[in-house]
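A, B, ... follow the sequence lines: proteins, then strands. Residue 1 opens every chain.
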Amino acid sequence: MRRPPQVLRGMRDFSPRQMLLRQRVIDSLRHVFERYGFDPIDTPLLEYYEVLAGKYGEEGEKLLYRFVDHGGREVGLRYDLTVPLARYVAVHRNELTLPFKRYHIGPVFRAERPQRGRYRQFWQCDVDIVGTRSMLADAEVLAVWCDALSTLRIPNAVVHVNHRQLLEALARAAGVDPALALPVYRAIDKLAKIGREGVREELMRAGVEPAAADRVLELIQLRGEPSEVISVVRQQLQDDPQAQRALDELAELFTYLAAYGVPSGSYVLDLSLARGLDYYTGPVAEVIVSQPAIGSLGGAGRYDHLIGLFLDEDIPATGASLGLERLVEVVDEYGLLPTPGTVTQVLVVAVEEGQQGAVLQLARSLRAAGLATEVYLGERRDLRRQLQYANRKGIPLAAIVGPDEVESGTVTVRDLGSGEQERVLVEKVAEVLRARLVSRAGGTE
RNA sequence: GUGCCUCUAGCUCAAUUGGCAGAGCGCUGGACUGUGGAUCCAGUGGUUACGGGUUCGAGCCCCGUGAGGCACCCCA
């Protein structure tokens with residue numbers, strides 16, 4: 001037997017069932033996004049390499065797919081949807097009414113080593129608000145996030161919030177130049193994974209004095225009800241004006257978040273949260289889910305100077321991203337969205353070859369009535385084979401036409417799930433099928 | 001990008017110290033000429049991921065490549 005070719009590392013095919021599930025998740029997200037007035041946009045998968053270069057930090061840069069096209073252009077596959085948005089805003093600046101709210105759902109590429117929930121091609125689902133510094137925008141983006149997560153009924157998802165400038169204040173508290181603070185952030189971010197002592201060791205290794213390390217540890221261990229954490233940190237960092245400003249912003253953000261009606265249990269202020277992407281400037285957030293050990297479902301944050309890299313003018317922006325594959329992983333794990341293996345709702349079958357004409361005619365009228373209708377196209381069309389096809393494919397209903405039915409102007413409707421069967425007049429078939437589909441859907445929920 | 005583990009039929013997995021490559025499920029046909037999913041019977045299944053090496057002999061040992069997984073790094 002001939003060996004079929006493999007797909008590229010970190011890239012996958014999707015079966016009909018998988019695609020139907022992915023589409024359902026995407027549909028839910030789209031509906032949530034649109035309910036807040038975000039409009040869709042799309043951008044090319046390929047950008048000039050220059051557009052992407054220097055936006056993601058040293059580590060991110062290595063993961064960029066980069067090549068020269070046949071015209072000798074240096075190009076790159078998009079790494080996220082945020083930088084393309086910034087480029088889009090720069091290009092279409094004069095057509096946009098600010099604040100500009102858009103959502104964007106599509107594939108991005110990172111040349112990483114694949115793992116569960118981590119692929120080289122994956123989909124991001126982003127909402128962003130461009131053109132306002134107001135914390136109202138940051139709050140709205142997080143409110144949309146929480147709405148999306150609860151719409152999908154994702155269990156145990158918690159939004160961890162922090163502030164970039166608070167992180168820098170921590171680095172200062174540790175006696176490290178903010179510009180050289182990367183190892184400190186890295187250590188801080190591992191708190192949940194390696195624990196207090198682990199972080200302490202790593203801070204020391206980064207050259208932090210023991211006393212400063214203890215002070216940092218004390219701060220990052222604060223987590224929980226935002227207003228309480230904020231007041232404690234406010235005292236601890238009272239000599240740091242930048243930290244005070246960040247705390248003001250966070251206080252405002254959390255006030256709005258509550259006003260948006262986001263349940264207080266779905267987010268925490270977590271001073272140990274660090275995010276790697278270079279472009280973040282203000283509040284940052286991450287959705288973390290405990291159950292499938294998949295890490296974060298999404299990242300969010302304010303980036304007030306990214307768009308300015310493409311323009312003379314600096315335009316502030318904030319946004320949030322969800323990873324489709326990781327959402328689907330959770331949805332799968334908990335069976336949150338039972339998905340059929342086919343879109344087909346009805347198979348119209350002929351008992352004998354003589355009824356084939358009647359079958360095609362019935363199929364046509366069922367399609368006109370809006371039902372996803374199939375006829376069996378195989379060469380051997382005995383009844384058994386056709387029902388077997390319906391069963392294997394997961395088609396819920398069959399409409400059977402035989403000599404008796406033709407003679408009496410009826411159709412036999414068979415429910416493949418229950419095995420129930422009834423004879424109905426041709427004119428009523430669509431109605432009866434629809435009723436059965438509804439009761440099925442109602443029954444399985 | 002670094003380290004470790006894995007790869008046997010479409011799927012899930014067996015195969016003694018290196019000695020003829022197996023089972024269940026699936027699939028095909030039949031028991032069943034107007035009824036799928038149950039049961040029974042029969043049949044179909046393989047370059048052991050790919051390429052090389054050692055050996056009288058390799059699924060098993062060695063090297064390389066590819067893919068998957070775990071950790072690191074980083075992140076969605």
Nearest to the A/P114 side chain among B/A76, B/G69, B/C72, which nucleotide is it?
B/G69
Is it the case that B/C74 (base atoms only) and A/R110 (side chain only) share a donor and an acceptor within less than 3.5 Å, ignoring hydrogens and angles?
no
5'-most contact on RNA chain B: A/I294 or A/R113, nearest heavy atom basis?
A/R113
Assigned partner base of B/A49, Watson-Crick or wobble definition, under 3.5 Å
B/U65
Could you check A/T412 against A/V351 for side chain to side chain contact (heavy atoms under 4.5 Å, CB included), going step by step and ending with a plain yes or no?
CA-CA 11 Å; A/T412 295; A/V351 174; over 6 Å; no
Nucleotide nearest A/R275 (side chain, heavy atoms from C-beta), chosen from B/A67, B/A76, B/C74:
B/A76
Taking NZ from A/K393 and C1' from B/G37, how many angstroms apart are they, rounded to a whole number?
17 Å
Quick one: A/Y280 OH to B/A76 C1', roughly how many Å, whole number?
10 Å
Under 4.0 Å between any heavy atoms, over every strand shown, what does A/D382 touch: base, sugar-phosphate, or nothing? Just pick one.
nothing
Quick one: is A/R385 getting a side-chain N or O under 4.0 Å of the B/G29 phosphate, OP1 or OP2?
yes
Is any side-chain nitrogen or oxygen of A/R9 closer than 4.0 Å to OP1 or OP2 of B/A67?
yes
Does the separation of the ring centres of A/Y303 and A/Y279 fall below 6.0 angstrom?
yes
Classify the side chain of A/Q421 versus the base of B/U35 as yes if they form a donor-acceptor pair under 3.5 Å and no if they do not.
yes
Nucleic acid contacts of residues 43-55 of chain A, taken as heavy-atom distances under 4.0 Å to RNA chain B:
none
Surrounding OH of A/Y48 (heavy atoms of other residues, nucleotides or ligands, distance under 6.0 Å), is the total greater than 12?
no
For B/G26 and B/G10, measure between their C1' atoms and round to the nearest Å.
7 Å
Could you check A/I41 against A/F100 for side chain to side chain contact (heavy atoms under 4.5 Å, CB included), going step by step and ending with a plain yes or no?
CA-CA 11 Å; A/I41 70 162; A/F100 174 55; 4.0 Å; yes
In whole Å, measure the gap between the P atoms of B/C5 and B/C62 for me.
10 Å
Between A/F254 and A/Y267, what is the ring plane arrangement, given parallel below 30°, perpendicular above 60°, and tilted in between?
parallel
Considering only heavy side-chain atoms of A/R392, the closest of B/C32, B/C27, B/A76 is B/C27
Applying the 3.5 Å cut-off to both distances, the Watson-Crick or G-U partner of B/U39 turns out to be B/A31
Verify the neighbour count for atom CZ of A/R364: are there more than 12 heavy atoms of other residues, nucleotides or ligands below 6.0 Å?
no
C1' gap between B/A9 and B/C4, integer Å
29 Å
So, are A/E249 and A/R302 salt-bridged, with charged N and O less than 4.0 Å apart?
no
Within the 4.0 Å heavy-atom criterion, would you say A/L416 contacts the bases, only the backbone, or no part of the nucleic acid?
base
Within a radius of less than 6.0 Å around CD of A/Q361, do more than 12 heavy atoms belonging to other residues, nucleotides or ligands occur?
no
Distance between P atoms of B/C75 and B/G66 (Å, rounded)
26 Å
A/R118 (side chain) and B/C74 (base): donor-acceptor pair under 3.5 Å:
yes
Could you tell me how far B/A14 sits from B/U6 if I compare only their P atoms? Round to whole Å.
13 Å
Looking at the side chain of A/K190, which of B/A76, B/C73, B/U35 is the nearest nucleotide?
B/C73
Counting only heavy atoms not in A/D69, do more than 12 fall under 6.0 Å of its CG?
yes
To the nearest angstrom, how far is A/Y185 atom OH from B/C73 atom C1'?
19 Å
Distance check, C1' atoms only: B/C56 and B/C20, in whole angstrom units.
16 Å
Complementary nucleotide for B/G10 - Watson-Crick or wobble, under 3.5 Å
B/C25
Length of the CZ-P vector between A/R12 and B/G66, whole Å
21 Å
Just checking A/G394: base, sugar-phosphate only, or nothing, at a heavy-atom cut-off of under 4.0 Å?
nothing
By centroid distance (under 5.5 Å) and plane angle (under 30°), are A/Y389 and B/G36 in a stacked arrangement?
no
Ion pair A/R118/A/E325, N-O distance below 4.0 Å
no
B/G46 to B/C7 separation - C1' atoms, rounded to the nearest Å
15 Å
Salt-bridge present (A/K101, A/D39; N to O < 4.0 Å)
no
Counter-base of B/G19, judged by Watson-Crick or G-U geometry with both distances under 3.5 Å
B/C56
Does B/G36 have its OP1 or OP2 closer than 4.0 Å to a side-chain nitrogen or oxygen of A/R384?
yes
When the P atoms of B/C72 and B/C61 are considered, how many whole Å apart are they?
29 Å
Could you state the CZ-C1' distance from A/R116 to B/C70, rounded to the nearest angstrom?
12 Å
From the options B/A67, B/G36, B/G34, select the nucleotide whose nearest atom is closest to the side chain of A/I400.
B/G34
Integer-rounded Å distance: B/A67 P and A/M11 CE:
10 Å
d(CZ, A/R380; P, B/C32) in whole Å:
17 Å
Is a donor-acceptor contact shorter than 3.5 angstrom present between the side chain of A/R414 and the base of B/U35?
yes
Here the distance between atom C1' of B/A67 and atom CD of A/Q115, to the nearest Å, is 15 Å
A/V351 side chain: which of B/C72, B/G34, B/A67 is closest?
B/G34
Side chain A/Q355 and base B/G34 donor-acceptor under 3.5 Å
no
Judged by each residue's nearest nucleotide on RNA chain B, which is more toward the 5′ side, A/Q124 or A/I194?
A/I194
Report the C-alpha separation of A/E333 and A/R116 in whole Å, then their side-chain angles, then the decisive distance to 0.1 Å, and conclude whether the salt bridge (charged side-chain N to carboxylate O under 4.0 Å, His left out) test is met.
CA-CA 12 Å; A/E333 176 108 349; A/R116 183 182 180 191; 2.9 Å; yes
I want to verify a distance call: between B/G37, B/A76, B/C73, whose nearest atom is closest to the A/N391 side chain?
B/G37
Of the nucleotides B/G34, B/G30, B/C74, which has the atom closest to the A/L383 side chain?
B/G34
What does B/A71 pair with, Watson-Crick or G-U, if both distances are under 3.5 Å?
B/U2
If you look at every strand shown and take non-hydrogen atoms under 4.0 Å, does A/E112 touch a base, only sugar-phosphate, or nothing?
base
